[in-house]
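Note that ligands are numbered from 1 as they come in the structure, with each ligand's atoms numbered from 1 the same way. Only heavy atoms go into these numbers, but all of them, side chains included; no hydrogens, no water, no symmetry mates.
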Amino acid sequence: MKVALRINGTLREAEVEPRKTLLDTLRENFHLTGAHAGCEHGVCGACTVLVDGAPMRSCLMFAVQADGYEITTIEGLAPAPGELSVLQDAFCETHGLQCGFCTPGMILSSHALLEREGSPSRQEIVEAISGNICRCTGYGQIIEAVEFAAERLRKANAPRGSALPHVGAPGTEPSAQDDAAIEHGILEAATAHDGGPK
Ligand code: FES
Ligand code: FES
């Protein structure tokens, strides 16, 4: 079947079998390999992309179901080649990644949160990334990255000279108690998650 997807602002077309997932179509037909194939059954979130701005697991969606929708992959977040978005840069600054396998999905889920909420609470960040599993970081620095990006974006968007509340900067490490609470919250949220598209 022929599908027409608007991917990162560009209309792309492909001939695919009806059973081909959006994940495989992005990776194999369009060579957008930032969406990672992890579990391939809706659990890990490594394949997360935005469909009309909402995080979706691309391993659980057929390409034909995405026909006509706006798809955003991690490759589409940077403002220009060789540059990083504010959120991507914050992940680097706060060491919000180690192996990087979960990172595209984490960033896209966090991006969707920041699009709808400029001052997310720590709990809102935990919930936003609760469908994304990270095996490396313990989540604390990922949450710090999202808080840091939110602060930077607020400053960038604030009228010149206005005062902004300080919400933490890179290097402001969460306490051991914070880390334990965050991990507990993530695990609870992940356990409660139904594994389907968010
Ligand atoms: S690859 Fe794990 S949720 Fe899609
Ligand atoms: S950085 Fe390795 S899985 Fe998250």
Identify, by atom number and element, the atoms of ligand 1 in contact range of [X], meaning under 4.0 Å from any of its heavy atoms.
X	result
Gly38	1 (S)
Glu40	1 (S), 2 (Fe)
Val43	3 (S)
Cys59	1 (S), 3 (S), 4 (Fe)
Cys47	1 (S), 3 (S), 4 (Fe)
Gly42	3 (S)
Cys44	1 (S), 2 (Fe), 3 (S)

Exercise. Salt-bridge test for Arg116 and Glu124: reply yes if a basic N is under 4.0 Å from a carboxylate O, no otherwise.
Key: no
Self-check item: Ionic contact status for Arg152 with Asp89, cut-off 4.0 Å
Solution: yes
Exercise. Evaluate the side chain to side chain contact (heavy atoms under 4.5 Å, CB included) criterion for residues Glu13 and Phe30: first the C-alpha distance (whole Å), next the side-chain angles of each, then the deciding distance (0.1 Å), finally the verdict.
Key: CA-CA 9 Å; Glu13 295 182 346; Phe30 302 123; over 6 Å; no
Look at the side chain of [X] and the backbone N and O of [Y], then say whether any donor-acceptor pair between them is shorter than 3.5 Å.
X	Y	value
Arg154	Ala149	no
Gln65	Phe62	yes
Arg27	Ala35	yes
Asn29	Ala14	no

Quiz item: Can an N, O or S atom be found in Cys39 less than 2.8 Å away from atom 2 (Fe) of ligand 1?
Solution: yes
Self-check item: Exercise: do Ser130 and Glu127 side chains pair donor with acceptor under 3.5 Å
Solution: no
Quiz item: Between Thr73 and Glu75, does any side-chain donor sit less than 3.5 Å from a side-chain acceptor?
Solution: yes
Quiz item: Can Met56 and Thr48 be said to form a side chain to side chain contact (heavy atoms under 4.5 Å, CB included), step by step?
Solution: CA-CA 5 Å; Met56 292 281 175; Thr48 300; over 6 Å; no
Self-check item: Count of N, O or S atoms belonging to protein, less than 2.8 Å from atom 4 (Fe) of ligand 2
Solution: 2
